[in-house]
Amino acid sequence: MRKHLITSAALLSFVAVAGAQAETPPLEQKDRYKVGFAQMESNNPWRIAETKSFHDTAESCNWDLIATDAAGSAAKQVADVDSMIAQGIDVLFLPPREEKPLLPAVMKAQGAGIPVFLVDRSVDPDVAKPGEHFVAFLGSDFIEQGGRAAEWLIENFEGDKGVIVELEGTTGSSPANDRKQGFDERIAEDDRFEIVASQTGDFARDMGRQVMETLLQAHPDVNVVYAHNDEMAIGAIQALELAGRKPGEDVTIVSIDGTRDALQAIIDGKMGVTVESSPFFGPLACEVMQKYAAGEEIPGWVEVEDRIFTADNAADHIDEAY
Ligand code: AHR
C-alpha cells in the first residue's frame, strides 16, 4: 500500500485520496469526544512517549480519553477494545500489537459503528482494508525504514565481509515483518554481507541482550548488528561489551526509532545509525479525526516521514528525544 506522504513539516496537513471511507462509520461533529486509545504495552520509551502524546493532546482536542495498557498481551488488547466499545467511545485509535490477533477487535469496533484509526502498526493487509474495515492507517513506512538502515550500512561499512546478526521485533507484528523485508532485500544486493542469524528479541532491551549473548556464542565472528528497534540495539551493545567486544569499533550497530539512549550511543561512538520512527501521534490523530468528522476524505494511509540520526546530527536532536 503506497499512498500520499506527510512530511514532518506538514505533519498537520494532508491530502485526500478519492474513494476512501465509503463503508466506514461516520463520526458526528461534537464539542467533546469520548476517545479510546488501546496501547499494547508500556515496557519501552517509545510506547511511553506514544501514550504521553495522546494524553498531551487530549485537552486541546476536546477528548475525554480512555487509555488502556495491554501489558504485552494481544488477548488483553482485544479485551480492552471490547471494554471501550461497552463504554460507548466515539472513536478508536489502535496500535495493534500483532497483525492477526487484533483483527477481531478492529471488526468488532467497526461493527459497533465506531470509526477505527490504526496508529503506528497495522493489521493483516490481506484481510482488513482501509476505507472498509478501518478508516486509515497513521504511520511510517516500515519497509523503507529497514531499507534505509541497510542503505546506511552499505555506504558506511568499511570491512571486506559483514557478518550480520538481525534482532527482530515482536513476531507477527507489522514493524517486525516489514523492517525485516526492507533490510533483507536491500542488503542482499551487496555480496559483502551475510545475515548469519535472525531471531526475535520482542522489541525489548532485556530480550535483545539475552538473544545477543546466545547468538554471540554461535557466531563469534559477528561484526554487524541490525536491530529492529533501539531498545534491542542497546541490549545488544550491553551483551557485546560484556563479551569484551567494542560496539562502534569492531561491531557496527544499525537500528530504528531515535530514542534518547540510541542518540547517546551514537554520540558515544557505539552505534552507527538509527532511522527515525516517531511515536508522537497525538496531534496527527486529532487532525485526522477532525477532518473525518467534517466529512473530508481521508487517505487510507496517512504516512509519516522519518528522519535519520547519525554522528552528523545526533547531538542536535538529543534534547528533543524521549
Ligand atoms: O510499532 C513501532 C515499534 O514498536 C517501535 O519501533 C518499537 O520501539 C515499538 O515497540
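Atoms within each ligand, like the ligands themselves, are counted from 1 in listed order.
- In terms of polar-atom proximity, Trp46 is not counted as a contact of ligand 1, lacking any N or O under 3.5 Å from an N or O of the ligand.
- Atoms of ligand 1 lying under 4.0 Å from any heavy atom of Arg179, numbered from 1 in the order shown and given with element: 5 (C), 6 (O).
- Listed by number with element, the atoms of ligand 1 under 4.0 angstrom from any heavy atom of Asn44 are 10 (O).
- A salt bridge does not link Asp268 to Lys270: none of the charged side-chain nitrogens sits closer than 4.0 Å to a carboxylate oxygen.
- No more than 12 heavy atoms of other residues, nucleotides or ligands sit less than 6.0 Å from atom NZ of Lys100.
- Glu194 and Lys161 are joined by a salt bridge, as a carboxylate oxygen and a charged side-chain nitrogen come within less than 4.0 angstrom of each other.
- With salt bridges taken as basic N to acidic carboxylate O contacts below 4.0 Å, none links Asp141 and Arg148.
- Those atoms of ligand 1 that come under 4.0 Å of a heavy atom in Asp120, given as number and element, are 1 (O), 2 (C).
- Remark: Arg97 engages Asp202 in a salt bridge, criterion side-chain N to carboxylate O under 4.0 Å.
- Not close to ligand 1: Glu231, with no non-hydrogen atom less than 4.0 angstrom away.
- Near Arg121, with a cut-off below 4.0 Å to any heavy atom, the atoms of ligand 1 are 1 (O), 3 (C), 4 (O), 9 (C), 10 (O).
- The shortest distance between side-chain heavy atoms of Val119 and Phe54 falls below 4.5 Å.
- Proximity to Pro175 (heavy-atom distance under 4.0 Å) selects the following atoms of ligand 1: 1 (O).
- Scanning the protein heavy atoms around atom 9 (C) of ligand 1, the nearest turns out to be Arg47 NH2, 3.4 Å.
- For ligand 1, the atoms sitting less than 4.0 Å from at least one non-hydrogen atom of Asn229 are 6 (O), 7 (C), 8 (O), numbered in the order shown with element in parentheses.
- Looking at atom 5 (C) of ligand 1, its nearest protein heavy atom turns out to be Asp257 OD1, 3.4 Å.
- Between Phe280 and Tyr322, the two ring planes are perpendicular [angle over 60°; tilted spans 30° to 60°].
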